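Data first, discussion second: the structure below is written as structure tokens.
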Amino acid sequence: MSNENNQEIVCRRLVGRTAVITGAGSGIGLATARRLASEGAHVVCGDIDETAGKAAAEAVGGTFVKVDVTSPEEVEALFKTAFDTYGSVDIAFNNAGISPPDDDSILTTGLEAWKRVQDVNLTSVYLCCKAALPYMQRQGRGSIINTASFVAVMGAATSQISYTASKGGVLAMSRELGVQFAREGIRVNALCPGPVNTPLLQELFAKDPERAARRLVHIPLGRFAEPTEIAAAVAFLASDDSSFINATDFLVDGGISGAYVTPL
């Protein structure tokens with residue numbers, strides 16, 4: 001199996017393990033579903049979009065569960081389905097998120113827009129961790145990977161205030177859970193991607209090319225990440241190769257957070 005960069009994937013680090021992925025129908029979630037399945041995992045694809053989610057599950061030989069990640073009952077059902085179907089919950093990639101256009105400067109972002117982004121981006125991660133942890137406690141092992149963002153560790157003059165705040169919350173919550181449950185064999189890390197070439201980003205930047213240009217200039221590598229590159233990082237964090245990585249912000253940002261000026 002090859003990824004989008006034509007690099008042959010030969011790792012088989014996740015054979016027999018069960019991975020639950022939210023937002024699995026597209027972008028990072030879909031690329032990760034493919035990557036984890038290629039490494040031998042049973043993949044449960046959660047998504048609110050039934051068509052995209054089913055297609056993802058079929059593509060990886062996994063199971064689809066329609067889920068609104070802001071609903072406690074639906075999130076609990078997602079993880080119960082994973083356990084009932086495959087007998088374990090070994091990996092939780094809590095990845096679903098939104099970045100709507102009405103989330104902008106604090107001066108123009110309304111309270112409803114703020115709350116909607118917080119619910120989908122932060123409260124959903126709380127709900128997914130809360131649902132996954134009891135299964136992992138019984139097993140005495142597990143890896144939780146929560147999608148935060150490089151904006152959780154940096155400030156931006158072109159703000160998406162609720163998105164940024166939600167990702168900061170994901171980072172802090174992941175750190176605390178990683179510390180709390182470490183001695184039960186459970187690791188919790190926050191994945192912090194830089195800008196990724198996904199439909200969400202493409203749509204945002206198609207509407208505002210200037211916004212894209214302002215961001216691209218700050219990336220030392222000179223390009224946005226591909227979803228497969230983020231999926232590779234998730235696979236690493238899900239596997240025993242990262243067995244001593246816990247309660248941290250795992251930056252996959254092309255060097256953005258380490259740069260003062262970028263190369264010409």
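For the numbers below, each heavy atom of this structure counts, side chains included, while hydrogens, waters and symmetry mates do not. Counting begins at 1 with the first residue of the sequence. Worth saying up front: this structure is predicted, and the values here are computed from it rather than measured.
When all heavy atoms of V75 and V67 are compared, the pair lying nearest together is N-CG2, 4.0 Å. The shortest heavy-atom contact between I219 and P195 is CD1-CG, 4.2 Å. Of all non-hydrogen atoms in D103 and S162, the two that sit nearest each other are OD1-N, 2.9 Å. Shortest non-hydrogen contact noted between N246 and G178 is ND2-O, 2.9 Å. Heavy-atom minimum distance, D47 versus A24: OD2-N, 3.3 Å. Summarising the geometry of A41 relative to A19, their closest heavy-atom pair is CB-CB, 4.5 Å, with the distance given to 0.1 Å.
L127 and L122 fall within the same hydrophobic cluster, where Ile, Leu, Val, Met, Phe, Trp and Tyr residues are linked whenever their side-chain heavy atoms come under 4.5 Å apart, directly or through other members. A continuous path of hydrophobic side-chain contacts links L221 to L216 [ILVMFWY only; heavy atoms under 4.5 Å]. A single hydrophobic cluster is seen to contain both M136 and L177, as judged by linkage of ILVMFWY side chains at heavy-atom distances under 4.5 Å, directly or through other members. With hydrophobic clusters built from ILVMFWY side chains whose heavy atoms lie under 4.5 angstrom apart, L237 does not share a cluster with V188. Residues I145 and F79 fall into different hydrophobic clusters, defined by Ile, Leu, Val, Met, Phe, Trp and Tyr side chains chained together at heavy-atom separations under 4.5 Å.
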(message) Could you go through V44 and L78, starting from their C-alpha distance and side-chain angles, then the distance that decides it, and tell me whether this counts as side-chain contact (heavy atoms from CB on, under 4.5 Å)?
(response) CA-CA 8 Å; V44 178; L78 169 67; 3.9 Å; yes
(message) Please evaluate residues Q118 and T123 with respect to the criterion side-chain hydrogen bond (donor to acceptor under 3.5 Å, both in side chains), reporting the C-alpha separation (whole Å), side-chain torsions for both, the decisive distance (0.1 Å), and the verdict.
(response) CA-CA 6 Å; Q118 294 296 314; T123 302; over 6 Å; no
(request) Show your working on side-chain contact (heavy atoms from CB on, under 4.5 Å) between C45 and V43 and close with a plain yes or no. (result) CA-CA 6 Å; C45 297; V43 179; 3.8 Å; yes
(message) Before you tell me yes or no, could you show the steps for Q160 and S105 under side-chain contact (heavy atoms from CB on, under 4.5 Å), namely the whole-Å CA-CA distance, both residues' side-chain angles and the distance that decides it to 0.1 Å?
(response) CA-CA 6 Å; Q160 299 163 274; S105 165; over 6 Å; no
(request) Please assess R214 against T158 for the test side-chain hydrogen bond (donor to acceptor under 3.5 Å, both in side chains), listing each intermediate value before the final yes or no. (result) CA-CA 9 Å; R214 287 189 70 183; T158 50; 5.2 Å; no
(request) Take T109 and D104 through the side-chain hydrogen bond (donor to acceptor under 3.5 Å, both in side chains) test and state the conclusion after the steps. (result) CA-CA 6 Å; T109 301; D104 203 277; 5.7 Å; no
(request) Determine, step by step, whether R223 and E229 satisfy the salt bridge (charged side-chain N to carboxylate O under 4.0 Å, His left out) criterion, reporting the C-alpha distance in whole Å, the side-chain angles of both residues, the deciding distance to 0.1 Å, and the verdict. (result) CA-CA 12 Å; R223 63 176 177 84; E229 294 176 299; 2.8 Å; yes
(request) Check the pair F64, E58 against side-chain contact (heavy atoms from CB on, under 4.5 Å), reporting the backbone distance first and the verdict last. (result) CA-CA 8 Å; F64 169 68; E58 288 171 6; over 6 Å; no
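Between the side chain of T262 and the main chain of V217, a donor-acceptor pair closer than 3.5 Å is present. A donor-acceptor pair under 3.5 Å is absent between the side-chain atoms of N197 and the main chain of E226, judged by distance alone. A distance-only check finds no donor-acceptor pair linking the side chain of N121 to the backbone of Y163 [under 3.5 Å]. At distances below 3.5 Å, not a single donor-acceptor pair connects side-chain atoms of D49 with backbone N or O atoms of G53. Under the 3.5 Å distance criterion, the side-chain polar atoms of K54 are left unmatched by any main-chain donor or acceptor of V65. Formation of a donor-acceptor pair under 3.5 Å by the N189 side chain with backbone atoms of D249 is not found in this model. Within the 3.5 Å criterion, the main-chain N or O of V69 finds no donor-acceptor partner in the side chain of S124.
In this structure, a donor-acceptor pair under 3.5 Å is present between the side chains of S242 and R187. Checking T18 against S88 by side-chain atom types alone, a donor-acceptor pair falls below 3.5 Å. Under 3.5 Å, the side chains of N95 and T22 contain no donor-acceptor pair of N or O atoms.
Relative ring orientation between F236 and F250 is described as tilted, the plane-to-plane angle lying within the 30° to 60° band.
Side-chain contact check for F93 versus T147: some heavy-atom pair is nearer than 4.5 Å. Proximity of P227 to L30: side-chain heavy atoms (C-beta onward) are nowhere separated by under 4.5 Å. Side-chain atoms of T228 and R35, non-hydrogen and from C-beta on, never get closer than 4.5 Å to each other. Contact of the I21 side chain with the L36 side chain is registered, since non-hydrogen atoms from C-beta on lie closer than 4.5 Å. For the pair F150 and V252, the minimum side-chain heavy-atom distance is 4.5 Å or more.
Applying the side-chain contact (heavy atoms from CB on, under 4.5 Å) test between L171 and each of V153, V151, N146 identifies V153 as the sole match.
Atoms CD1 and CH2, from I161 and W114 in turn, are 6.0 Å apart once rounded to the nearest 0.5 Å. To the nearest 0.5 Å, atoms CD1 (I91) and CZ (R141) are separated by 8.5 Å. Note that NE2 of H218 and CG of D253 are 13.0 Å apart. Values are rounded to the nearest 0.5 Å. Here T198 contributes atom OG1 and F224 contributes atom CZ; the two are 10.0 Å apart, rounded to the nearest 0.5 Å. Distance CD1/I186 to CD/Q180: 9.5 Å, rounded to 0.5 Å. Going from atom CZ of R12 over to atom OG of S239 covers 13.5 Å, rounded to the nearest 0.5 Å.
Heavy-atom neighbours of I245 CD1 from other residues, nucleotides or ligands within 6.0 Å: above the threshold of 12. Within 6.0 Å of CD on Q137 lie more than 12 heavy atoms contributed by other residues, nucleotides or ligands.
With respect to the salt-bridge test (charged N to carboxylate O, under 4.0 angstrom), the residues D241 and R13 qualify. Comment: R34 does not engage E39 in a salt bridge, judged by the lack of any side-chain N to carboxylate O separation of less than 4.0 angstrom. Of the charged side-chain nitrogens involved, at least one lies within less than 4.0 Å of a carboxylate oxygen, so that D240 and R17 count as a salt-bridged pair.
Residue pairs that meet the salt bridge (charged side-chain N to carboxylate O under 4.0 Å, His left out) test with at least one member in residues 107-121, sequence neighbours left out, are D102-R116.
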